[in-house]
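This chain uses plain numbering: 1 for the first residue, then up along the sequence.
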Amino acid sequence: QVHLVESGGGAVLPGGSLTLSCAASGRTDSMAWFRQAPGKERNIVASINSVTSNAYYADSVKGRFTISRDNAKNMVFLQMNNLKLEDTATYYCNVDRAYSTYWGQGTQVTVSS
């Protein structure tokens with residue numbers, strides 16, 4: 001079992017920045033961030049490989065968001081720059097370990113003028 005604790009959400013003006021953090025209770029394989037806006041499906045935002053650190057980004061966030069991880073601390077981060085209104089959502093940390101998937105409780109990001 002892996003427990004995840006997210007932090008870093010909040011309210012920000014368009015064009016602003018936020019950094020999300022997720023701490024896992026143990027070693028993980030892949031780590032990722034998803035988001036879900038009200039009335040919409042949960043979609044992947046970014047993911048990062050535990051060995052190669054190769055990253056994947058959804059087209060909507062490429063060039064604005066950066067995912068990174070600290071394997072020694074079992075943490076994953078999402079640096080979000082130039083935030084847009086459409087980035088408003090609940091962001092969820094997601095990790096895989098030994099063929100099981102775990103989710104964080106979610107952290108709210110609100111971009112509003």
Under a 4.5 Å side-chain heavy-atom rule over Ile, Leu, Val, Met, Phe, Trp and Tyr, are Trp33 and Val12 clustered together?
-> yes
Do Arg42 and Arg35 have side-chain heavy atoms sitting under 4.5 Å apart?
-> no
Looking only at heavy atoms, what is the nearest atom pair of Ile44 and Ala32, with distance?
-> CD1-CB, 4.4 Å
Quick one: pull up OG in Ser25 and CZ in Arg97 and give me the separation to the nearest 0.5 Å.
-> 6.5 Å
Look only at the side chain of Thr28 and the backbone of Ser30, and say whether a donor-acceptor pair between them is shorter than 3.5 Å.
-> no
May I ask you to decide if the ring planes of Trp103 and Phe34 are parallel, tilted or perpendicular, using 30° and 60° as cut-offs?
-> perpendicular
Can you hop from Phe65 to Tyr92 via hydrophobic side chains spaced under 4.5 Å?
-> no
Are the charged groups of Lys84 and Asp87 less than 4.0 angstrom apart, N to O?
-> no
Under 3.5 Å: donor-acceptor pair, side chain of Gln36, backbone of Glu41 | no
Taking the side chain as every heavy atom from C-beta outward, state whether Val95 and Leu4 have any atom pair closer than 4.5 Å.
-> yes
Can you find a heavy atom in the side chain of Met80 that is under 4.5 Å from one in the side chain of Leu20?
-> yes
Within a strict 4.5 Å, meaning less than it, do heavy atoms of the Ile48 and Asn54 side chains meet?
-> no
Contact check, side chains of Cys22 and Arg69, non-hydrogen atoms, under 4.5 Å | no
Closest non-hydrogen atom pair between Asp29 and Ser50, with its separation = O-CB, 3.1 Å
Any donor-acceptor pair under 3.5 Å from Asp96 side chain to Tyr99 backbone | no
Where Pro14 and Ser112 come nearest, the two heavy atoms and their spacing = CD-O, 3.5 Å
Please answer whether the main-chain N or O of Val111 pairs with a side-chain N or O of Thr88 as donor and acceptor at a distance below 3.5 Å.
-> yes
Counting only N and O atoms by type, is there a donor-acceptor contact under 3.5 Å from the side chain of Arg64 to the main-chain atoms of Asn82?
-> yes
Ignoring hydrogens and geometry, is there a side-chain-to-backbone donor-acceptor pair from Thr110 to Ala11 under 3.5 Å?
-> no
Please check if Phe77 and Val2 belong to a single hydrophobic cluster, counting links between Ile, Leu, Val, Met, Phe, Trp and Tyr side chain heavy atoms closer than 4.5 Å.
-> no
Just how far is it from atom CG of Leu78 to atom CD of Glu6, taken to the nearest 0.5 Å?
-> 11.0 Å
The reported gap from OG1 in Thr90 to NZ in Lys40 (rounded to nearest 0.5 angstrom) is 13.0 Å
Polar side-chain atom of Thr107 near backbone of Gly9 as donor-acceptor pair, under 3.5 Å = yes
Between Val45 and Tyr102, is there a shared hydrophobic cluster once you connect ILVMFWY residues whose side-chain heavy atoms come closer than 4.5 Å?
-> yes
Tyr57 reachable from Val76 in the ILVMFWY side-chain graph, under 4.5 Å edges = yes
